[in-house]
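Working notes, structure below.
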There are 2 protein chains.
Amino acid sequence: MAKLQKSIDKRNALVKATIDLVNNNGFHATPMSKIAKMAQVSPATIYLYFENKQDLVNQTYIEVKTEYTNYAFSTYDESMSVEVGFELIWKRIADFKLKECEYAMFLAQCDNTPMIDEPIRIEGIKHLQPLLDLWSRGKKEGLIKPLSDYILYAYAINPLSFLMITQKRGTFQLSESHIEEAYQAAWDSIKVNK
Amino acid sequence: MAKLQKSIDKRNALVKATIDLVNNNGFHATPMSKIAKMAQVSPATIYLYFENKQDLVNQTYIEVKTEYTNYAFSTYDESMSVEVGFELIWKRIADFKLKECEYAMFLAQCDNTPMIDEPIRIEGIKHLQPLLDLWSRGKKEGLIKPLSDYILYAYAINPLSFLMITQKRGTFQLSESHIEEAYQAAWDSIKVNK
DNA sequence: TAACTAAAAATGAACGTTCATTCTTTTTTT
DNA sequence: AAAAAAAGAATGAACGTTCATTTTTAGTTA
């Protein structure tokens, strides 16, 4: 009697191939056959790890989103001041989006198309809670404008996605000093003007 | 001898159907047959107006992008002050993204995936020139931070895309006062702090 | 340790379907 | 009546998925 022990490496290779191909060709031009080939696996093998193509991209999305938020919050704890905490989280996110831009691009594509099942996308949003809590604290302390979380996110975090994409497309080279400028713009947009 | 006079209505119906279906199902789940059905046209007829599917989405993209920028700049002229001009353009863009959100969603999807041919996407960017000129003027006058256009765009304009999408998904209801707050955040992020 | 075995894992080929596109014919226009 | 526009049916290729089979794995026996 053998044990259930499908290779985690193979699963990872499939997820990685999915990200790579979807990034470069889009979901519509990423057939299962190509994913299998890139992962060095038979097409049939994919179905041992995933129910179908939709399940494959759903799981890939959740996995990447989790990696993203884990990275964002791994050096933060709630005892930090609002300013310090925000700068720390913001810079971790910037770091992730620029260094792991394959992951970030994949998320951007998922978040701007109907390729992910809606319940899965909504689940992915929950991971941001620590940031929302930080903002709530900042508003109470009169440091952060009393705006909806969506607006705060739109100005403080989302611009990084745009910059990452232009960077990836080669249109624009982001340097360290640009990161500092971007951070300043982010903070200026949400901080209370004294 | 007949005149070449393909119906502009039919072409428009095809473009509209493309936007609608791509918005709701994604490019990967938008077959020509469905586009034809929604436009009340035979699949073969599409090929009288467009070379192929790629050409159809390319042309749709350019058309929507043109409509977008025309709307954005239609009330602006270069004799305006930087502050007034920026507020005017910004609010026109906000208007467009929220009122014509079918168009705006389609653009967001195109700009975040490889579904549009790269040369076509690049052509679409040129339409923003008046805004870049305004910023250049603002920088010279010391009103706008001396940042790269990409960073300015990321903070001043792009957040509207994020807000439009959350609004469209029903996650968040944007009111008039939110628009005013968002405008303030946009301006705060790019204006020089005195 | 070496041979055996049964279940799990993996495969390549095959299936039925769907797709983009084209072909042939009909309808409309002038 | 002639040419353009439009149509429906047809085509071949490509797709997601499944099937029948082989290979690998790991526990058991000798």
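Below, chains carry the letters A, B, ... as their sequence lines are ordered, and counting in each starts from 1.
Listed pair B:K10 / D:dA5 fails the phosphate criterion, with no side-chain N or O lying under 4.0 Å from OP1 or OP2. For the OP1/OP2 pair of C:dA10 and a distance below 4.0 Å, the side-chain nitrogens and oxygens of A:S42 include no atom meeting the criterion.
Across the protein-nucleic acid pair, B:D55 atom CG and C:dA20 atom P stand 14 Å apart, rounded to whole Å. In this structure, CG of A:L56 is placed 15 Å from C1' of D:dC15, rounded to the nearest angstrom. Straight-line distance from the CD1 atom of B:I35 to the P atom of C:dT21: 10 Å, rounded to whole Å. Atom CZ of A:F27 is separated from atom P of D:dC15 by 13 Å (rounded to the nearest Å). A straight line from CD1 of B:I8 to P of D:dA6 spans 12 Å, rounded to a whole angstrom. Rounded to a whole Å, the NZ atom of B:K34 is 10 Å from the P atom of C:dA20. Atoms CZ (B:F50) and P (C:dT22) sit 16 Å apart, rounded to a whole Å. The distance from atom CG of B:N52 to atom P of C:dT22 is 8 Å, rounded to the nearest whole Å.
The two atoms that bring A:K10 and A:Y49 nearest to each other are CB-OH, 3.7 Å, heavy atoms only.
Closest contact between the side chain of A:P31 and the listed nucleotides C:dT11, D:dC15, D:dA7 involves D:dC15. Counting only heavy atoms from C-beta on, B:L48 has its side chain closest to D:dA6 among C:dA10, C:dA20, D:dA6.
Pairs passing the ring pair (Phe, Tyr, Trp, His ring centres under 6.0 Å) check and including a residue from residues 113-133 of chain A, sequence neighbours excluded, do not occur.
B:W187 has its side chain within reach of B:F86: a pair of non-hydrogen atoms, C-beta onward, lies under 4.5 Å apart.
Under the 4.0 Å criterion applied to side-chain N and carboxylate O atoms, A:D9 and A:K16 are not assigned as salt-bridge partners.
Using a 4.0 Å heavy-atom cutoff across all strands shown, A:Y49 reaches sugar-phosphate atoms only and no base atom.
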>> Show, in sequence, the C-alpha distance, side-chain angles and deciding distance for B:K145 and A:D188, and conclude whether the salt bridge (Lys or Arg N to Asp or Glu O under 4.0 Å) test is met.
In response: CA-CA 12 Å; B:K145 295 177 186 169; A:D188 283 348; 2.7 Å; yes

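Residues meeting the salt bridge (Lys or Arg N to Asp or Glu O under 4.0 Å) test with A:K53, sequence neighbours left out: none.
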Please list, for nucleotides 18-20 of chain D, all pairs of protein and nucleotide N/O atoms separated by less than 3.5 Å.
none

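Separation of the A:F162 and B:Y153 ring centroids falls under the 6.0 Å cut-off.
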